[in-house]
Amino acid sequence: MIEIIRPFSPRRFKVVVFDFDGTLSLLRTGWQQIMVDLMFETLNCRPPESESRQSGGAELTAQQSPGPKTRNPKPDRRVLRELVDQSTGRQTIDQMLILADLMRSQRTVPAASTDSGLSQEAIRYKHIYLRRLKQHMASRLVALQSGRCPAQNFLVAGASEFLQWLSNKGCVLCLISGTDQREVLQEARLLEIDQFFGSRVFGGLDETGAFSKLGAMRQVLSECNSHSQVMIAFGDGIVDIRSAKDLGTLAIGVASNEDQGHGLNAGKRLQLISAGADAVIGDYSGYAEWGPRLFGGQATDK
């Protein structure tokens, strides 16, 4: 099922862009809460004891020794979740830069007043976040790598079939994710969808500001010698939709229910519509019906 928000005519799209986490992959389901928890604990000066020991006390020194006063009120979990939702689609290091900047605003005397200082702090936070995320994902990866669970169990419903349909139509498929590029490549391979994208996989880096979805989309268009009117983008994040709209590309919001792997998340739907999505789907299981409405032609095109 597809919900058309802003009417459009079917086109012969040449380039199809996908976000990864939540749009195709379910391996990282729950990452938002992990990031919110890290932000909340950091801002409230409560680094986990185990992480403090692992880092030799260096990673969160600034939080452990707050000044007697703070500049601004500390944001609560609801505000932090909104920050994470608004930044979903940006590279992880840039999301951690938001945390570093929040920490600076809390200190009576800023400990990291330079851009390089903030960047180093963001890298420290990123390492902690990724360590927690890997622990959260561990059982899923083991189940996938051991063969106990098929790759389909960790994909949004209908994703691999839809990718195959697009490939059969001769579309150029691209993967553009805020997750680090090396991890996107590894996880796409585990999920058995890497063959649809080849070398057209773009992801985050460790350098702040080094990657953006809008920049990657422009690069794809340049390499394909195409223009925005023949590109269509699928994404489950606000940044995904806004980047596509900034480029003048048709944007399809994927309001996936990540806990179930199929169906629609009502909260995501509202966010994606507000961001400017032209249409919204919950998963890809109905592509045989709505695919031709987007791409023209028949679902059986080869």
Side-chain angles (χ1 to χ4, degrees), residues 20-21 28 30-137 176-184 202-216 237-239 242-243:
F20 188 57
D21 299 305
R28 293 175 177 243
W31 71 264
Q32 297 97 328
Q33 191 58 52
I34 293 171
M35 188 173 285
V36 169
D37 288 345
L38 172 61
M39 288 182 168
F40 184 82
E41 293 167 15
T42 302
L43 289 164
N44 286 275
C45 313
R46 291 206 305 269
E49 184 181 352
S50 61
E51 287 176 352
S52 179
R53 283 200 304 267
Q54 289 173 8
S55 62
E59 280 184 340
L60 299 176
T61 302
Q63 299 92 292
Q64 294 174 16
S65 304
K69 297 183 292 182
T70 59
R71 290 177 166 188
N72 299 311
K74 294 183 175 68
D76 59 21
R77 289 182 185 274
R78 179 187 60 80
V79 171
L80 292 172
R81 179 59 192 244
E82 288 177 2
L83 284 173
V84 170
D85 286 343
Q86 289 290 327
S87 64
T88 297
R90 296 177 63 183
Q91 60 175 359
T92 306
I93 188 65
D94 289 341
Q95 291 179 295
M96 294 296 94
L97 190 62
I98 294 172
L99 174 55
D101 198 47
L102 284 171
M103 278 301 300
R104 179 171 66 172
S105 74
Q106 297 298 318
R107 296 171 186 144
T108 305
V109 179
S113 57
T114 65
D115 289 344
S116 61
L118 280 179
S119 295
Q120 289 303 310
E121 196 168 353
I123 289 172
R124 290 195 294 272
Y125 297 143
K126 178 181 174 181
H127 289 164
I128 297 171
Y129 163 71
L130 290 179
R131 184 163 62 243
R132 292 186 181 191
L133 181 59
K134 288 183 187 303
Q135 291 171 349
H136 175 73
M137 294 171 60
I176 302 180
S177 173
T179 296
D180 284 5
Q181 183 172 14
R182 61 182 178 274
E183 296 180 357
V184 175
F202 303 81
L205 304 168
D206 262 341
E207 182 182 348
T208 57
F211 165 88
S212 74
K213 293 212 163 176
L214 181 57
I238 291 171
V239 172
R242 288 180 177 165
S243 297

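- Side-chain contact between Leu205 and Ile93: absent, with no pair of heavy atoms (C-beta onward) separated by less than 4.5 Å.
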Q: Go through Leu102 and Leu83 one step at a time and tell me if the side-chain contact (heavy atoms from CB on, under 4.5 Å) criterion holds.
A: CA-CA 11 Å; Leu102 284 171; Leu83 284 173; 3.9 Å; yes
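- Gln32 places none of its side-chain heavy atoms less than 4.5 Å from the side chain of Met35.
- By the neighbour-count criterion of 12 heavy atoms within 6.0 Å, atom CD of Gln33 is densely surrounded, having more than that number from other residues, nucleotides or ligands.
- Looking at heavy atoms from C-beta onward, Lys126 lies in side-chain contact with Asp206 at the 4.5 angstrom threshold.
- Proximity of Trp31 to Val84: side-chain heavy atoms (C-beta onward) are separated by under 4.5 Å at one or more points.
- When the side-chain hydrogen bond (donor to acceptor under 3.5 Å, both in side chains) test is applied to Gln86, the partners found at least two apart in sequence or on another chain are Arg242.
- The shortest distance between side-chain heavy atoms of Leu43 and Leu99 falls below 4.5 Å.
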Q: Report the C-alpha separation of Asp94 and Ser87 in whole Å, then their side-chain angles, then the decisive distance to 0.1 Å, and conclude whether the side-chain contact (heavy atoms from CB on, under 4.5 Å) test is met.
A: CA-CA 9 Å; Asp94 289 341; Ser87 64; over 6 Å; no
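- For Asp76 (side chain) and Arg78 (main-chain N/O), a donor-acceptor pair under 3.5 Å exists by modelled atom type.
- For the pair Thr42/Ile128, no side-chain contact is recorded, criterion being any heavy-atom separation below 4.5 Å from C-beta on.
- A search for side-chain hydrogen bond (donor to acceptor under 3.5 Å, both in side chains) contacts involving Arg81 returns Asp85, not counting sequence neighbours.
- Side-chain contact between Ile238 and Thr88: absent, with no pair of heavy atoms (C-beta onward) separated by less than 4.5 Å.
- Contact record, Ser119 with Thr208: OG-OG1, 3.4 Å, taken as the closest heavy-atom pair.
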**Q.** Evaluation steps, side-chain contact (heavy atoms from CB on, under 4.5 Å), between Ile176 and Phe211
**A.** CA-CA 10 Å; Ile176 302 180; Phe211 165 88; 3.8 Å; yes
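- Inter-residue side-chain proximity for Gln181 and Gln91 is flagged as unmet; no heavy-atom pair is nearer than 4.5 Å.
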Q: Please report the C-alpha distance between Tyr129 and Gln95 in whole Å, then the side-chain angles of each, then the deciding distance to 0.1 Å, and finally whether the side-chain contact (heavy atoms from CB on, under 4.5 Å) criterion is met.
A: CA-CA 11 Å; Tyr129 163 71; Gln95 291 179 295; 5.9 Å; no
